[in-house]
Amino acid sequence: MKIHLSIGLVFVFGFLLRSLNASPGDADPIYRTCVWQCEKNGITGDVTIPHCTNETGTESWYKKEPFYMQFKQLNCKADCRYHCMVQRENERNLKGLSPVKYHGKWPFIRVFIFQEPLSAALSALNLLTHFAGWLSFYMKVNYELPKRPQTKRPYYEYTGLWHIYGILSINAWLWSTVFHTRDIELTEKLDYSSAVALLGYSLILSLLRAFNVKDEASRVMFSAPILAFVTTHILYLNFYELDYGWNMKVCLTMVAIQLLTWTLWSGFTRHPSKLKLWFVIIGGVLASLLEIYDFPPYKGYADAHAIWHLATVPLTWLWWSWIKEDAEFRTVDLVKKAK
């Protein structure tokens with residue numbers, strides 16, 4: 001999902017390009033009328049949605065559906081949108097028309113509670129890959145590499161920072177999994193907020209590593225302005241307006257700075273694993289083309305975004321491999337200097 005640059009680049013393309021919410025499908029008057037009628041009487045075509053007839057706009061908050069019912073998407077609005085979309089796409093298909101997006105997404109076929117089953121499964125696979133990479137890094141720095149004799153702590157100065165990165169990555173992919181499983185307002189905001197937090201932290205980490213910032217005071221100086229901005233941006237998205245256009249500009253700016261930072265650093269460094277870093281960067285750029293050249297889901301399941309999720313799995317494994325080699329490289333260098 002940064003040297004991380006490429007994972008950040010790949011992550012942000014998937015996260016941003018799906019954020020454009022205005023789509024031809026939901027602008028279709030026939031679709032809009034279908035949703036309106038369905039929400040009113042709970043019927044669309046041959047489908048009856050019982051819980052629609054029990055919802056009114058004037059209900060007290062304590063009479064509305066509990067969150068676990070909303071998560072299962074047993075709510076009127078989401079079910080009406082889905083069934084009207086299916087109905088409208090069937091009509092378009094009979095006329096020989098191509099699929100269109102609805103509310104920023106292609107028409108997918110549900111599997112049980114999963115709105116986008118393949119993307120949800122591959123998000124979970126990315127989560128597991130990050131967890132495995134983070135765990136192997138933890139084992140590397142704590143049990144395989146030598147430690148400082150006085151403090152018994154790792155020589156590698158960025159150990160704690162990478163642990164935080166691992167946790168944020170796991171969190172981001174967790175909410176990506178949940179969001180692709182069920183797209184409701186809460187899961188959307190958690191997905192976007194987690195992605196922004198990961199990108200912001202990755203920007204900080206790229207600057208600290210590239211400029212070899214070791215002093216705690218200097219790290220705070222580097223981090224504080226970015227942390228303040230990212231926190232403010234997340235609060236803005238959650239409590240003021242989920243502005244997709246502004247969010248895109250913010251995230252692309254953070255990724256662009258990371259891209260420039262890591263590219264320049266890898267060009268000047270004598271790091272023994274810089275070719276692996278370049279491979280991750282180039283692989284990330286190529287994977288992002290899947291999001292630029294989007295296409296409808298094959299058989300209702302596999303669209304470009306889902307395949308992008310698949311492409312990030314080996315890149316994530318390679319990325320954590322580079323992090324471990326960076327830890328080993330720095331540790332060997334510091335041990336030599338200590339002698």
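Just so we're clear, the structure is a prediction, and the values are computed from it rather than from any experiment.
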*Do we see a donor-acceptor contact under 3.5 Å between the side chains of W175 and N171?*
yes

*If every non-hydrogen atom of K152 is compared with every non-hydrogen atom of P149, which pair is closest and at what distance?*
CE-O, 3.6 Å

*Pair K324 + E328, salt bridge at N-O below 4.0 Å*: no

*For atom CD of E185, decide whether the heavy atoms of other residues, nucleotides or ligands shown that lie under 6.0 angstrom number more than 12.*
no

*Rounded to the nearest 0.5 Å, what's the gap from NZ on K249 to CE on M254? Could you check?*
14.5 Å

*Return yes if some donor-acceptor pair links the side-chain N/O of S206 with the main-chain N/O of L203 below 3.5 Å, else return no.*
yes

_Before you tell me yes or no, could you show the steps for D303 and F108 under side-chain contact (heavy atoms from CB on, under 4.5 Å), namely the whole-Å CA-CA distance, both residues' side-chain angles and the distance that decides it to 0.1 Å?_
CA-CA 9 Å; D303 68 333; F108 290 91; 3.4 Å; yes

_Donor-acceptor pair between N126 and S176 side chains, under 3.5 angstrom_ = no

_CA sep, side-chain torsions, deciding dist, call: V47, V86, side-chain contact (heavy atoms from CB on, under 4.5 Å)_ = CA-CA 11 Å; V47 179; V86 171; over 6 Å; no

*Ignoring hydrogens and geometry, is there a side-chain-to-backbone donor-acceptor pair from T269 to W265 under 3.5 Å?*
no

*Could you tell me whether the side chains of T44 and Q87 share a donor-acceptor contact shorter than 3.5 Å?*
yes

*Between CG of L190 and OH of Y192, what distance do you get to the nearest 0.5 Å?*
12.5 Å

*Just wondering, more than 12 heavy atoms not from Y298 lying within 6.0 Å of its OH?*
no

*Hey, is the main chain of A27 close enough, under 3.5 Å, to the side chain of R32 for a donor-acceptor pair?*
no

*Fit a plane to each ring of Y138 and W134, take the angle between them on a 0 to 90° scale, and name the class: parallel (under 30°), tilted (30 to 60°) or perpendicular (over 60°).*
tilted

_Looking at G133, is its backbone amide N or carbonyl O close enough to the side chain of S136 to form a donor-acceptor pair, meaning the two atoms are under 3.5 Å apart?_
yes

*Nearest heavy atoms of T261 and A210, plus distance in Å*: CG2-CB, 3.5 Å

*Flag the pair V100 / E89 as yes when at least one side-chain heavy-atom distance between them is below 4.5 Å, and no otherwise.*
yes

*Roughly how far, to the nearest 0.5 Å, is CD1 of I226 from CG of L205?*
10.5 Å

*Looking at residues at least two apart in the chain, or sitting in another chain, which of them share a salt bridge (Lys or Arg N to Asp or Glu O under 4.0 Å) with D333?*
R330, K337

*Report the C-alpha separation of E116 and W106 in whole Å, then their side-chain angles, then the decisive distance to 0.1 Å, and conclude whether the side-chain contact (heavy atoms from CB on, under 4.5 Å) test is met.*
CA-CA 10 Å; E116 300 176 49; W106 290 111; over 6 Å; no

_Which residues pass the side chain to side chain donor-acceptor pair (under 3.5 Å) test with E216, not counting sequence neighbours?_
none

*Qualifying residue for side-chain contact (heavy atoms from CB on, under 4.5 Å) with K140, from T159, L145, L135*: L145

*asked:* Would you say that Y102 contacts R88 through its side chain, given a criterion of any heavy-atom pair below 4.5 Å between the two side chains?
replied: yes

*Heavy-atom distance under 4.5 Å between the side chains of H233 and N247, does that happen here?*
yes

_R182 side chain vs T187 backbone, donor-acceptor pair below 3.5 Å_ = no

*Of all heavy-atom pairs between G25 and Y31, which one has the smallest distance, and what is that distance?*
O-CD2, 3.5 Å

*Give a yes or no on whether the backbone of W322 and the side-chain of K276 come within a donor-acceptor separation of less than 3.5 Å.*
no

*Might you confirm whether atom CZ of R148 has over 12 heavy atoms from other residues, nucleotides or ligands at distances under 6.0 Å?*
yes

*Are L198 and L122 connected in a single hydrophobic cluster, I mean Ile/Leu/Val/Met/Phe/Trp/Tyr linked by side-chain heavy atoms less than 4.5 Å apart?*
no

*Taking atom CD of Q37 and atom CD of E39, what is their separation to the nearest 0.5 Å?*
11.0 Å

*Do the side chains of H103 and D183 get nearer than 4.5 Å, heavy atoms only?*
no

*Taking all heavy atoms of N238 and all of S193, pick out the closest pair and write down the distance.*
ND2-OG, 2.7 Å

*Distance-minimising heavy-atom pair for A120 and T177*: O-CG2, 3.5 Å

_Would you say that F229 contacts V250 through its side chain, given a criterion of any heavy-atom pair below 4.5 Å between the two side chains?_
yes

*So, C38 with C84, SGs under 2.5 angstrom?*
no

*Does any non-hydrogen side-chain atom of T253 lie less than 4.5 Å from one of I257?*
yes

*Begin with the C-alpha distance, continue with both residues' side-chain angles, and end with the deciding distance and a verdict on side-chain hydrogen bond (donor to acceptor under 3.5 Å, both in side chains) for Y156 and D326.*
CA-CA 9 Å; Y156 188 49; D326 184 51; 2.3 Å; yes

*Are any of the side-chain heavy atoms of H271 and L277 separated by less than 4.5 Å?*
no

_Reported CG-to-CG distance for the pair L118 and L310, which is rounded to 0.5 angstrom_ = 8.0 Å

*Counting only N and O atoms by type, is there a donor-acceptor contact under 3.5 Å from the side chain of S123 to the main-chain atoms of S119?*
yes

*Is any NZ, NE, NH1 or NH2 atom of the basic residue among D79 and R110 found under 4.0 Å from an Asp or Glu carboxylate oxygen of the other?*
yes

*Please say whether more than 12 non-hydrogen atoms of neighbouring residues, nucleotides or ligands are located less than 6.0 Å from CG in D215.*
yes

*asked:* Please verify the inter-ring angle class for H130 with Y165; under 30° counts as parallel, over 60° as perpendicular, anything in between as tilted.
replied: perpendicular

*Quick one: do L174 and S194 satisfy side-chain contact (heavy atoms from CB on, under 4.5 Å)? Show the steps, please.*
CA-CA 9 Å; L174 169 65; S194 299; over 6 Å; no

*asked:* Would a single hydrophobic cluster contain both L208 and L168, if residues Ile, Leu, Val, Met, Phe, Trp and Tyr are joined by side-chain heavy-atom contacts under 4.5 Å?
replied: yes

*At their closest point, which heavy atom of L237 faces which heavy atom of D243, and how far apart are they?*
CD2-N, 3.9 Å

*For K147 and N142, indicate whether the former's side chain and the latter's backbone hold a donor-acceptor pair under 3.5 Å.*
yes

*With K336, which residues qualify under salt bridge (Lys or Arg N to Asp or Glu O under 4.0 Å), at least two apart?*
none

*asked:* Given 3.5 Å as the limit, does a donor-acceptor pair link the side chain of R219 with the main chain of V213, or not?
replied: yes

*asked:* Starting from L128, can I reach M139 by hopping between I/L/V/M/F/W/Y residues whose side chains sit under 4.5 Å apart?
replied: no

_Connected via hydrophobic side-chain network under 4.5 Å: V220 and L207_ = no

*Under a 4.5 Å side-chain heavy-atom rule over Ile, Leu, Val, Met, Phe, Trp and Tyr, are L318 and L125 clustered together?*
no

*Can you tell me if T312 uses its side chain to pair, donor with acceptor, with the backbone of H309 under 3.5 Å?*
yes

*Spacing of S321 atom OG and F137 atom CZ [to the nearest 0.5 Å]*: 12.5 Å

*F222 versus I204: any side-chain heavy-atom pair under 4.5 Å?*
no

